[in-house]
Amino acid sequence: MVRSAKTDMPRNFDFVEAEPRIYSFWAERGYFKPEAAPADAEPFVISMPPPNVTGSLHIGHALFTALEDLMIRYERMRGKATLWLPGTDHAGIATQLQVENMLREEGSSREEIGYEEFLHRTWQWKEEHGGEIISQLQRLGASCDWDRERFTLDEGLSRAVLQAFITLWEQGLVYRGPRLVNWSPGLKTAVSDLEVESSEEEVTLYYFRYPVESGEHLPVATTRPETILGDMAVAVHPADERYRHLIGKRAYVPILKREIPVIGDEYVDMDFGTGALKVTPGHDFDDYALGQRHGLGILNILNMDASMNANAGKYAGLDRYECRERLWADMQAAGLTIKTEPYTTRIPRSQRGGEVVEPMMSTQWYLRIQPLADKAIAAVRDGRVKIVPERFEKVYFHWLENIQDWCLSRQLWWGHRIPAWYRENDGDPEGEIYVGMEAPAGDGWVMEQDVLDTWFSSGLWPFSTLGWPQDSADLKRFYPTQVMETGHDILFFWVARMIMMGLWFTGEAPFHTVYLHGLVRAEGGKKFSKTLGNAVDPLTVVDRLGADPLRFTLITSGTPGNDCHLDETRLDHSFRFINKVWQMTAFINMNLDGERPLGLPPQAELDLPARWILSRLHRLIANAQYLFDIYQYGEAGNQILAFMWDEFAPFYLEISKEALYQGSAAEKDRVRRVLVHVQDQCLRLLHPFMPFMTEEAWAYLPRDGEALILADWPQADSGLIDDDVEARMSGYLELVRETRNTRGEYKVDPGRRIRALAHDRAGTRDLAANVHILRRLCNVDELRLMPLDEAEPANSASVVVGDVTLYLPLEGMLDIAAECQRLADEEAKLNGQIERAAKMLANRNFVERARPDVVQRERDRHAELEAAAAQIKERLASLCG
RNA sequence: GGGCGAUUAGCUCAAUUGGCAGAGCAUCCGGUUUACACCCGGAAGGUUGUAAGUUCGAGUCUUACAUCGCCCACCA
């Protein structure tokens, strides 16, 4: 059904008023739900990467929202049953840290208020802050199905998490045991390898003497002297002439005087440091492995908070850094130190807290992950899952092929509590372990305190949110999902784990395509950070310019997988583009004159400019389709902008005024239909990029649906694409440009109408039939065709494009000398180009080996240049002698 | 130590199978042309980091080097 255009279009798009109104309109009509499509429609599903529940919107969220909403809106317009499933993540460590900070400010702590009260306070915090991020996503225009919103700790998802854990346990893939882990002393929890970030820092390297039984000393260096207290051996290379004789002798831990062996191992690098190595299996990953090989024991010298424990003797109770100083001072006094020197090395820090992480022995839950990883490798290898851009597949393989067992347990309070119970047996409090949904029958069972790594629940997200492990209707219809769009920084944390878990639990890859976007950086390539004060707050931008300009800028600023620098001037440019599109719609709207033209007139009735703009439009649609197919949304957006701003608005819209202002009724009708068609198609193409303005503007055109969000995506009509029409028109537009320049050079008042003359040839006859092009674009009122034998007019400037020469009579204004100079310059320029083309065509290799169409294009070009040069030569001869 | 990316106009970035290097911002000149001054018309600005190679032809493919950034890795 064709709907009439709304009238009284406002002068500007008032985004402040319109955005919330349009968003409610969409939401209330249920357009965001997959049920808006016919029941048999093909589904298209994206699981939103769940933001931290207590977080607030930053530029990264804005980027993923813009991209995912674009994909969803595009597929929705293509008739799919689209589901963008939103939700939030409980984000164990991050959230617990925030609540702990809050408690600290109150002068309290989680230990002080206890487990129950802490959880209560955290849920309270979640209720207060959890909604913020959601409403911020909505302000950006996210067309999610909010009725299906999930939270990783809600009931259904928690059950999925426990079920997954129990299944893995039953399959023998989960085990519990003491291992050396990365320990975060401030949070007092284990963290996984991925959660540790190390970067180079300036530290001190301490050189000292290790006393050996024979009265000799072994020189050793360390960056962490306090770990001396946990040494279980001193190691040297078996081939090291200097120290070889000491292997097998006893050495004595400084100050403690504990006896340890000197061992030989080829792991030791003779050329590094002193060539001798202290071995601390309890607090260093390398030393742990070395210790295993030599049957050394493990001595833990740290408490949970990284203070020294009883094994540190007189240093017990000291903080590790204080211990470092005291011990070193004591060793100095004992004459055991050699020297200290500044040293640069990588220091491991917790990704969240930023504190230095200590390798420490502790008993944790692990997932034996190789069987899962093997499936995940195969899925990408055989193409069931594609990663865009492809180069990340290599990174993905490398990680999975070298994967370590996953430490699943965290000593936090906020998270999914591991469904395990212990019962004392033979004095061992963990003598019996039971894993299951409910506590086992019988007395004495104590529930596990630890919670699961946040990323464990995230790994289940694509199917847990759809109802798994129940065989729900949503799971059947919407799983597997289609595209996973997220940042490349969480390829391991999240993407790889979703693929592993999805394949393991559902037998299917959770999505067929992974689209990875880059990080948004500030100008100069710096990371956005609050402390640097260079963070662009997306909400401030939305307040100032609206959501559309932010979205358009983010999408057109980068290419897949590459970090992009957000240039704030582009935001203003996008804003102006949106205004431009609005104004174009307004122009068409005010010229509709109450009618509701829809559908193109028969092609035979179209004039050259109309056929040209339709050809250009449908070429654009074809290009945009290609670019969408290969995920190059930014380039697609830029091409749409270029078409509208550089071709449709300045040329066709201008030319159309000729018919609109003084054409016949039939001419007006034809032009209106073309204008409406082009603008309508452009608004459709732009809708996924800038949903608000386009939805509002669309209502001011005659249209065939109730809302743009559900309108059909444009299809290129190859029958409208016409190379010949485009070539002719672009030649005429070149004449327009030259005429404008010439007028400018002669300072002809822009408002003054002039005439033009041309000899009567095929090209000029065609142009004369389309003189309205010249009239509207360069104020040339009339083109008179002269017989070929008529002399060219005196006192005329001339503009030449190809074989067309226009004479512009400029009575009394023509400066012969200047005109000759102008023509001479033009000739020189042309000769340069001709020479280049001629050279190429003279190259036999080029003519024989280049693709035929490339050669032909060069020939055409050469001919055209030659024609223009001939015309100029003639003109020079007659005017300038 | 491995791997990846980047290097194009003053700045931020494009360039679809190799085929005359393009935008925005900034700069300069000119404009109250009845959709838009949130605008219009023009101009200038590049040996595509360096050096070789493949090719009729290279920003694009190959190799080396340089600078910057990121990821992974057990050197005290």
Side-chain angles (χ1 to χ4, degrees), chain A residues 9 11-13 205-206 220-224 227 235 267-269 272-280 284-290 343 345-346 389 391-392 394-395 398-399 402 488-489 491-492 518-519 521 523-525 545 553 556-559 561-570 572-591 623 626-627 629-630 632 634-635 638-639 641-642 646 649-650 653-654 657 661 737 740-741 743-745 747 749-751 776 778-779 833 836-837 840 843-851 853-855 857-858 861:
Chain A
M9 189 165 177
R11 233 185 130 66
N12 293 99
F13 176 59
L205 187 58
Y206 300 81
V220 174
T222 181
T223 54
R224 295 186 295 157
T227 62
Y267 164 75
V268 180
D269 182 348
F272 190 87
T274 64
L277 175 68
K278 62 188 274 310
V279 184
T280 322
D284 184 286
F285 289 98
D286 299 325
D287 294 4
Y288 179 81
L290 192 56
Y343 186 68
T345 192
R346 299 181 70 85
R391 66 182 137 89
F392 283 102
K394 204 169 163 181
V395 182
H398 182 260
W399 187 72
N402 296 283
H488 65 67
D489 53 329
L491 179 60
F492 307 143
L519 271 51
R521 291 171 180 282
E523 281 168 72
L545 302 171
T553 303
T556 55
S557 284
T559 46
N562 292 331
D563 293 353
C564 73
H565 296 185
L566 185 61
D567 179 354
E568 296 206 56
T569 64
R570 289 190 63 114
D572 293 310
H573 182 245
S574 299
F575 179 84
R576 287 188 286 113
F577 175 48
I578 283 155
N579 173 65
K580 183 78 181 175
V581 177
W582 181 265
Q583 299 303 336
M584 291 164 76
T585 315
F587 167 77
I588 294 166
N589 175 272
M590 75 178 57
N591 283 293
N623 273 342
Y626 170 74
L627 291 165
D629 288 344
I630 59 170
Q632 297 281 348
E635 180 63 11
N638 284 326
Q639 288 197 12
L641 177 145
D646 301 336
L653 233 59
E654 281 307 316
K657 289 174 185 172
Y661 296 166
R737 202 164 297 123
R740 284 170 172 173
N741 280 344
R743 290 179 62 128
E745 280 168 43
K747 309 241 183 305
D749 180 355
R776 277 292 152 181
C778 52
N779 233 345
Q833 295 174 313
R836 193 188 158 281
M840 275 181 88
N843 182 344
R844 175 123 40 89
N845 280 322
F846 172 71
V847 178
E848 285 172 5
R849 300 195 195 188
R851 269 201 337 255
D853 63 303
V854 174
V855 177
R857 201 187 316 153
E858 203 56 36
R861 216 176 97 74

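Proteins come first, then strands; the chains are lettered A, B, ... in the order of their sequence lines, and each starts at number 1.
- Within 4.0 Å (heavy atoms only), A/R844 reaches no atom of the nucleic acid at all.
- Under 4.0 angstrom from either OP1 or OP2 of B/A14 there lies at least one side-chain N or O belonging to A/T559.
- Under 4.0 angstrom from either OP1 or OP2 of B/C11 there lies no side-chain N or O belonging to A/T569.
- Contact annotation: A/R11 reaches the phosphate of B/C36 (side-chain N/O to OP1 or OP2, under 4.0 Å).
- Between the side chains of A/N579 and A/Q583, at least one donor N or O lies within less than 3.5 Å of an accepting N or O.
- A/R861 comes within 4.0 angstrom of a base, heavy atoms only.
- Residue contacts shown for A/E654 include a base, since a base heavy atom lies under 4.0 Å away.
- Dashed line: the shortest gap from a side-chain N or O of A/Y343 to OP1 or OP2 of B/C75 is not under 4.0 Å.
- The strand RNA chain B forms stems, runs of 3 or more Watson-Crick or G-U wobble pairs with distances below 3.5 Å, at B:1-7 with B:66-72, B:10-13 with B:22-25, B:27-31 with B:39-43, B:49-53 with B:61-65.
- Applying side chain to side chain contact (heavy atoms under 4.5 Å, CB included) to A/H573 and the options A/T553, A/L641, A/D567 leaves one that passes, A/L641.
- In this structure, A/F285 reaches neither bases nor backbone, as no heavy-atom distance under 4.0 Å exists between it and the strands shown.
- A/Q639 places its CD atom 8 Å from the C1' atom of B/U16, with the value rounded to the nearest Å.
- As judged by a 4.0 angstrom heavy-atom cut-off over every strand, A/L491 is placed among residues making no nucleic acid contact.
- Of the residues near RNA chain B, A/I630 and A/N562, the one whose nearest nucleotide (by heavy atom distance) lies more toward the 5' end is A/N562.
- The residue A/K580 sits close to a base: some heavy atom pair falls under 4.0 Å.
- Heavy atoms of A/R346 sit under 4.0 angstrom from at least one base atom.
- B/G69 and B/U62 have their C1' atoms separated by 24 Å, with the value rounded to a whole Å.
- Across all strands shown, A/R740 has heavy atoms under 4.0 Å from sugar-phosphate atoms exclusively, and none from any base.
- Within 4.0 Å of A/Y267, counting heavy atoms only, lies at least one base atom of the nucleic acid.
- Heavy atoms of A/K394 sit under 4.0 angstrom from primed sugar atoms or phosphate atoms, though from no base atom.
- Nearest-nucleotide mapping onto RNA chain B: of A/Q632 and A/D269, the residue sitting toward the 5' end is A/Q632.
- Taking side-chain N and O atoms only, A/R851 has no distance below 4.0 Å to OP1 or OP2 of B/G19.
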